[in-house]
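A quick write-up on the structure given underneath.
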Amino acid sequence: MYKIVSRLLIYGDMPKDTILMELADIVRRMDDKSQKKEELLTRTFTQLKHLLQVATDYGFDKNLWHNYLTFLLITSENPFSITCEKVGANEGSVNYFAKGDFRVFKELFDYDFSRLEEFLGVDCFARISDYQAIGKKELMYNKNVSQKVQALSAQLEQAGDEEAFFDCVTGFYKAYGVGMFGLNKAFRISSGERDEVMFHPINNMDTVMLKDLVGYELQKQKLIDNTTAFVQGKKANNVLLFGDSGTGKSTSIKAIVNEFYPQGLRMIEIYKHQFKDLSTVIARIKNRNYKFIIYMDDLSFEEFEVEYKFLKAVIEGGVETRPDNILIYATSNRRHLIKENWSDRNDMEHDNGMHRSDTMEEKLSLVNRFGVTICYSKPSQKEYFHIVTELSRRAGIQMEEKELCAEANKWELSHGGISGRTAQQFVNYLLGKN
């Protein structure tokens with residue numbers, strides 16, 4: 001196996017502690033007798049434990065070795081795979097080297113572990129080639145990644161040679177992309193050592209779709225129109241969704257990501273205290289073949305906070321032009337985002353010589369950076385009853401409409417007032433009683 005793996009070129013830059021590299025070294029040391037059998041057995045069990053952990057994390061089943069190799073192929077971000085993402089393979093000399101690597105992976109797919117098993121006196125590799133995973137709830141693993149890996153793994157098992165491997169893998173890159181951004185819909189960020197920005201996939205994001213949000217048809221259509229233009233490479237605007245709490249602003253953003261994920265849309269959620277990292281985030285994603293929404297939920301600033309000035313410059317107005325594959329979508333309960341004082345409306349001079357009307361204009365200018373503003377207002381009582389009725393019907397609740405609306409009215413009076421969120425909470429309450 002070591003000689004096989006050593007022939008990898010494009011995909012060969014793997015850390016030595018990966019499962020594949022460790023197993024290759026174990027086989028090498030078995031062959032040259034440079035390590036004791038007991039030590040090799042311990043090392044083999046350690047790698048099998050790691051393989052089972054990967055299988056658990058991603059819900060792999062059947063042939064875990066094939067699933068693992070497939071996972072390596074679709075998470076390896078190298079010049080070839082990144083060039084192929086969302087575009088597919090083009091004619092070029094690099095294809096010769098890629099096919100050489102795929103010939104290696106074909107050999108690894110077909111690798112016979114029986115010699116190692118016989119030497120160690122185990123049958124564990126035979127077990128993982130026909131593995132029956134214990135059923136798990138979807139929240140316990142990333143179902144989106146699991147399905148993609150297993151589907152491609154099944155295709156590669158049928159691939160007869162490196163040409164077929166090439167077509168399967170590059171076809172996957174074109175359909176979904178590669179690496180973390182190819183497999184996942186949404187991400188959060190954190191700062192590591194030396195202020196390095198790290199991306200973290202949001203596993204099991206809410207699968208809500210726009211049709212699940214009752215009402216607000218005009219608002220949803222505005223969002224669809226802008227996002228459609230964006231993913232099609234046309235001009236599009238940053239979007240601010242503002243209005244009363246519980247009206248579906250955040251739900252609409254999640255739904256739009258779910259709707260347009262197959263077309264290459266991804267979302268990165270950023271909080272106010274992370275605005276200092278915005279430039280770094282943009283630099284990391286601007287050359288990828290995806291469309292990114294930078295999502296800011298519940299965006300607002302108190303009078304003493306100055307982060308909005310940095311945000312203004314990043315959104316539009318800095319020296320560097322905002323990349324075409326990035327937009328900012330924000331939600332807020334405030335129309336103007338920044339808290340105003342009545343004194344701001346008085347045009348008397350500040351102590352520093354600035355007109356207060358200039359101060360107000362400075363604050364309002366942040367909103368003007370969003371080319372599309374969409375208002376989600378609190379529903380009327382009639383609209384509230386419609387939302388309750390529709391959600392109840394979808395949930396299979398059998399109750400007379402008159403009684404349902406009467407109970408919904410009682411609920412909202414003691415649970416935060418009229419809103420789509422209150423309606424959903426009321427339906428959840430009814431479902432919990434049954």
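These values consider heavy atoms only, across backbone and side chains, with no hydrogens, waters or symmetry-generated copies.
Looking at heavy atoms from C-beta onward, Cys124 lies out of side-chain contact with Ile128 at the 4.5 angstrom threshold. In this structure, Gln219 and Leu241 have side chains that are not in contact, with every pair of non-hydrogen atoms separated by 4.5 Å or more. Counting heavy atoms from C-beta on, the side chains of Val214 and Thr389 never come closer than 4.5 Å. Considering only heavy atoms from C-beta on, Arg421 comes within 4.5 Å of Ser245 through its side chain. Looking at Phe230 and Asn237, their side chains never come closer than 4.5 Å, going by heavy atoms from C-beta outward. Residues Ile294 and Leu327 fail the side-chain proximity criterion, which asks for heavy atoms closer than 4.5 Å. The side-chain heavy atoms of Leu210 and Ile256, taken from C-beta on, include a pair separated by under 4.5 Å. By the 4.5 Å heavy-atom criterion applied to side chains, Ile253 and Ser250 are not counted as neighbours.
Atom-to-atom distance recorded for Trp411:CH2 and Leu404:CG is 13.0 Å, nearest 0.5 angstrom. Note that CG of Asp277 is 7.5 Å distant from CD1 of Ile270, once rounded to the nearest 0.5 Å. Taking CG of Asp212 as the start and OG1 of Thr207 as the end, the distance is 7.5 Å to the nearest 0.5 Å. Atom-to-atom distance recorded for Leu52:CG and Arg127:CZ is 13.0 Å, nearest 0.5 angstrom. Between atom CG of residue Asn325 and atom CD1 of residue Ile293 there is a gap of 11.5 Å, rounded to the nearest 0.5 Å. The CG atom of Leu41 lies 8.0 Å from the CD atom of Glu38; values are rounded to the nearest 0.5 Å.
The backbone N or O of Ser81 lies less than 3.5 Å from a partner atom in the side chain of Asn78, making a donor-acceptor pair.
The distance between the ring centers of Phe199 and Phe181 falls below 6.0 angstrom. Between Trp65 and Phe113, the distance from one ring center to the other falls under 6.0 angstrom. The aromatic ring centroids of Phe242 and Tyr376 lie 6.0 Å or more from each other.
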If you apply the rule side chain to side chain contact (heavy atoms under 4.5 Å, CB included), what do you find for Asp244 with Ser377, and how did you get there?
CA-CA 6 Å; Asp244 299 291; Ser377 57; 4.2 Å; yes

Kindly indicate, with the supporting measurements, whether the criterion side chain to side chain contact (heavy atoms under 4.5 Å, CB included) is fulfilled by Phe165 and Leu73.
CA-CA 11 Å; Phe165 247 73; Leu73 282 169; 4.2 Å; yes

Give the intermediate values and the outcome of side chain to side chain contact (heavy atoms under 4.5 Å, CB included) for residues Val178 and Phe172.
CA-CA 8 Å; Val178 63; Phe172 182 94; over 6 Å; no

Under the side chain to side chain contact (heavy atoms under 4.5 Å, CB included) rule, what do Val239 and Leu223 come out as? Steps first, then yes or no, please.
CA-CA 8 Å; Val239 180; Leu223 198 57; 4.0 Å; yes

Show every donor-acceptor pair shorter than 3.5 Å between a side-chain atom in residues 99-109 and any protein atom, with sequence neighbours excluded, or say none if there are none.
{"unit_1": "Lys99", "atom_1": "NZ", "unit_2": "Glu163", "atom_2": "OE1", "d": "3.1"}
{"unit_1": "Lys99", "atom_1": "NZ", "unit_2": "Glu163", "atom_2": "OE2", "d": "3.4"}
{"unit_1": "Asp101", "atom_1": "OD1", "unit_2": "Leu9", "atom_2": "N", "d": "2.8"}
{"unit_1": "Asp101", "atom_1": "OD2", "unit_2": "Leu9", "atom_2": "N", "d": "3.3"}
{"unit_1": "Asp101", "atom_1": "OD2", "unit_2": "Ile10", "atom_2": "N", "d": "2.7"}
{"unit_1": "Asp101", "atom_1": "OD2", "unit_2": "Tyr11", "atom_2": "N", "d": "2.8"}
{"unit_1": "Arg103", "atom_1": "NE", "unit_2": "Glu162", "atom_2": "OE2", "d": "3.3"}
{"unit_1": "Arg103", "atom_1": "NH2", "unit_2": "Glu162", "atom_2": "OE2", "d": "3.3"}
{"unit_1": "Lys106", "atom_1": "NZ", "unit_2": "Asp110", "atom_2": "OD1", "d": "3.4"}
{"unit_1": "Lys106", "atom_1": "NZ", "unit_2": "Asp110", "atom_2": "OD2", "d": "2.6"}
{"unit_1": "Glu107", "atom_1": "OE2", "unit_2": "Arg7", "atom_2": "NH2", "d": "2.4"}

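Residues Ser114 and Glu118 have side chains that never bring a donor and an acceptor to within less than 3.5 angstrom of each other. Side-chain contact annotation: Glu157 with His66, donor-acceptor N/O pair under 3.5 Å present. Checking Tyr384 against Thr422 by side-chain atom types alone, no donor-acceptor pair falls below 3.5 Å. A donor-acceptor contact closer than 3.5 angstrom links the side chains of Asp57 and Gln53.
Using cut-offs of 30° and 60° on the angle between ring planes, the pair Tyr290 and Phe292 is perpendicular.
A salt bridge links Asp31 with Arg115: the closest approach of a Lys/Arg side-chain nitrogen to an acidic carboxylate oxygen falls below 4.0 angstrom. Between Glu77 and Arg288 there is a salt bridge, since a side-chain N of the basic residue sits under 4.0 Å from a carboxylate O of the acidic one. Ion pairing between Lys36 and Glu39 fails under the 4.0 Å rule for side-chain N and carboxylate O. Note on Asp25 versus Arg28: salt bridge recorded, some NZ/NE/NH1/NH2 to OD/OE distance being below 4.0 Å.
Scanning for side-chain contact (heavy atoms from CB on, under 4.5 Å) contacts around Gln47 gives Ile19, Glu22, Leu23, Ile26, His50, with sequence neighbours left out.
Of the options Asp297, Thr247, Asp298, a side-chain hydrogen bond (donor to acceptor under 3.5 Å, both in side chains) to Thr331 is made by Asp297 and by none of the others.
Cation-pi geometry between Lys62 and Tyr131 is not satisfied (NZ or CZ under 6.0 Å from the ring centre, within 45° of the ring normal).
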